[in-house]
Number of protein chains: 2
Amino acid sequence: MEWTIQELAARAGITSRTLRHYDRVGLLAPSRVGPNGYRYYDPTAVARLQRILLMRRLGMGLSAIAEVLADEVDTCDGLRAHIGELEEERDRIERQIRSVRHTLEALRSGAEPRMDVMLAGFNDRYKDEVVSRWGERAFQVSNDWWHGKTLDQQQAWKQAAEDLVAAWVTAAKAEVSPTSEHAQSLAARHVRWLSQIPGTPTAEGDRERSIEMVKCLGDMYVDDPRFAGMYDDAAGATFVRDALHVYARTRM
Amino acid sequence: MEWTIQELAARAGITSRTLRHYDRVGLLAPSRVGPNGYRYYDPTAVARLQRILLMRRLGMGLSAIAEVLADEVDTCDGLRAHIGELEEERDRIERQIRSVRHTLEALRSGAEPRMDVMLAGFNDRYKDEVVSRWGERAFQVSNDWWHGKTLDQQQAWKQAAEDLVAAWVTAAKAEVSPTSEHAQSLAARHVRWLSQIPGTPTAEGDRERSIEMVKCLGDMYVDDPRFAGMYDDAAGATFVRDALHVYARTRM
DNA sequence: GTTTGACCTTGACGCTGCGTCAACTTCTAG
DNA sequence: CTAGAAGTTGACGCAGCGTCAAGGTCAAAC
């Protein structure tokens with residue numbers, strides 16, 4: 001079976017010009033060229049084109065695609081690498097979906113983006129508050145850390161926080177006890193999450209002040225109006241606070 | 001809070017040149033321009049940039065992005081549309097992953113791609129066989145139909161077939177009876193799938209020959225070596241054959 | 001046999017979305 | 001005050017095609 005340039009273009013959803021371009025740059029030569037100069041493509045060429053279009057969709061340059069196709073001694077390796085790329089791309093999109101979805105909800109409820117609040121303690125918008133409570137250096141270091149991250153990294157971090165909040169809400173709804181193993185493991189995760197922020201007591205291994213900070217944070221979840229609704233309702237916030245207090249007292 | 005052009009570029013993973021370009025084409029103006037001509041960006045600008053980069057990743061042109069951002073009277077609508085786009089993109093990638101994964105497996109096992117076999121009855125590679133069994137016209141019509149589809153459409157169709165096979169294998173493993181409601185609904189789905197191919201008896205409503213064809217196909221799954229392993233093992237193929245036979249006898 | 005119209009060819013120029021100097025100014029730190 | 005890092009505005013370049021232009025080829029109709 002063979003196809004003319006137009007037939008192949010139509011089937012692939014591209015133009016004949018693109019195929020001629022690929023021929024010229026040596027990316028995809030027709031399987032046969034008629035004595036009249038006409039280009040004809042066979043199924044092998046079609047398969048190659050499919051791979052090319054796949055990679056192009058991922059934003060790869062034509063030269064990069066050519067390299068991949070050339071270096072590909074083992075087709076299996078190429079495909080495996082390809083699956084990896086696709087999975088990464090999917091995960092990235094998945095995260096973006098959740099992020100946008102969250103932004104949408106926040107917008108609808110008229111609230112500020114939750115995570116801006118979550119970062120309240122270490123966001124420059126709350127500088128005075130932080131400085132008075134944890135000192136100038138804690139503010140500086142944590143602030144620099146945050147602004148040193150790329151948007152992608154920030155988003156990933158926020159996503160981790162989102163997941164944590166979601167886990168808390170689920171646990172609270174399940175009406176288990178704040179002292180239960182599950183709740184305590186969530187608290188541990190919460191503290192680990194906090195300790196990623198440099199400059200804070202938990203990150204610096206200052207046990208006394210870490211305990212104080214975790215308890216303070218728990219109280220804020222309940223009392224501070226800026227956190228209102230973050231853990232769904234008052235019961236949720238209370239659950240988180242209790243769990244954090246217990247964890248601070250017994251396991252830190 | 002404000003950032004200089006370099007700070008923002010670093011955080012967004014782009015270059016300052018890109019930001020200047022966006023300014024020039026009116027896509028993203030800095031929130032403030034100093035008396036020295038320096039550009040400064042505030043969080044609002046950052047949010048807008050995030051949306052721009054998001055859409056750009058989806059392959060949109062800058063002018064198209066500008067239009068979207070301009071037409072967006074309601075931010076919520078824009079975000080919702082955006083989620084839709086992202087979900088579609090994710091699904092597309094998901095399908096590609098499955099497709100590539102399948103190709104890989106087929107390659108590893110040394111077998112031909114399964115779907116080439118699945119199409120055996122109506123693939124030009126098996127022309128003689130088809131013609132002798134279902135007539136010249138059935139071959140012609142179905143073949144034209146298949147080659148008239150775009151690569152994307154072909155892939156979607158193959159994916160549907162993959163899903164069908166997977167459902168069959170699952171059902172076979174569950175050791176339900178071929179006469180069970182579930183197996184029979186799968187058989188119905190199988191026939192509907194077949195009837196999408198123009199020129200075949202099932203597509204043309206020829207009841208007698210449709211029954212014959214479904215039974216014949218079932219037999220081939222078991223007997224024809226080209227289908228070996230498609231339904232995992234002999235037991236799987238037998239299960240499918242039995243279910244199809246029962247369906248053909250009692251419900252067609 | 002010729003004509004018509006669809007499809008093929010090779011240039012060649014244009015457009016988008018930046019990368020990359022160049023030439024110059026401005027801010028920051030010692 | 002001076003070095004160096006970072007800012008500015010052009011201006012040119014490059015990839016990946018779209019889009020004529022100026023023709024050859026083919027299948028079918030007349």
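As the structure is a prediction and not an experimental result, all values here were calculated from the model. Chain letters run A, B, ... following the sequence lines, proteins first and then strands; every chain starts at 1. Side chains are part of it too, since the values below use all heavy atoms of this structure and drop only hydrogens, waters and symmetry mates.
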Exercise. Counting just side-chain N and O atoms, does B/T18 come under 4.0 Å of either OP1 or OP2 of C/dG17?
Worked result: no
Legend entry - Contact under 4.0 Å: A/R20 side-chain N or O vs C/dT9 OP1/OP2: yes
Comparing nearest nucleotides in DNA chain D, the 5'-proximal residue of the pair A/Y22, A/N36 is A/Y22
Per nearest nucleotide of DNA chain D, the residue lying toward the 5' end, B/R24 or B/Y38, is B/Y38
Using only heavy-atom distances, decide whether a donor-acceptor pair under 3.5 angstrom links the side-chain of A/R39 to the base of C/dT9.
no
Just how far, in rounded Å, is [atom2] of [N] from [atom1] of [X]?
X     : N      : atom1 : atom2 : result
A/L27 : D/dC17 : CG    : C1'   : 13 Å
B/I65 : C/dG17 : CD1   : P     : 8 Å
B/R17 : D/dC14 : CZ    : C1'   : 13 Å
A/I14 : D/dG16 : CD1   : P     : 14 Å
A/L28 : D/dG16 : CG    : C1'   : 15 Å
A/W3  : C/dC7  : CH2   : C1'   : 19 Å
B/M60 : C/dT16 : CE    : C1'   : 15 Å
A/L19 : C/dC7  : CG    : P     : 15 Å

Assign [X] to base, sugar-phosphate, or nothing according to its heavy-atom contacts below 4.0 angstrom with the strands shown.
X     : answer
A/T4  : sugar-phosphate
A/S16 : nothing
B/G34 : nothing

Q) Considering residues, nucleotides and ligands other than B/Q196, do more than 12 of their heavy atoms fall under 6.0 Å from its CD? A) yes
* To do: Please work out which of the three classes, parallel, tilted or perpendicular, describes the rings of B/H190 and B/W193, given edges at 30° and 60°.
  => perpendicular
Sequence neighbours excluded, the answer for side-chain contact (heavy atoms from CB on, under 4.5 Å) partners of B/D42 is B/S31, B/T44, B/A45
What one should report as the nearest heavy-atom pair of B/L86 and A/I93 is O-CG2, 3.4 Å
Check: Below 4.0 angstrom, N of the basic side chain to O of the carboxylate: do B/E87 and A/R101 qualify?
Finding: yes
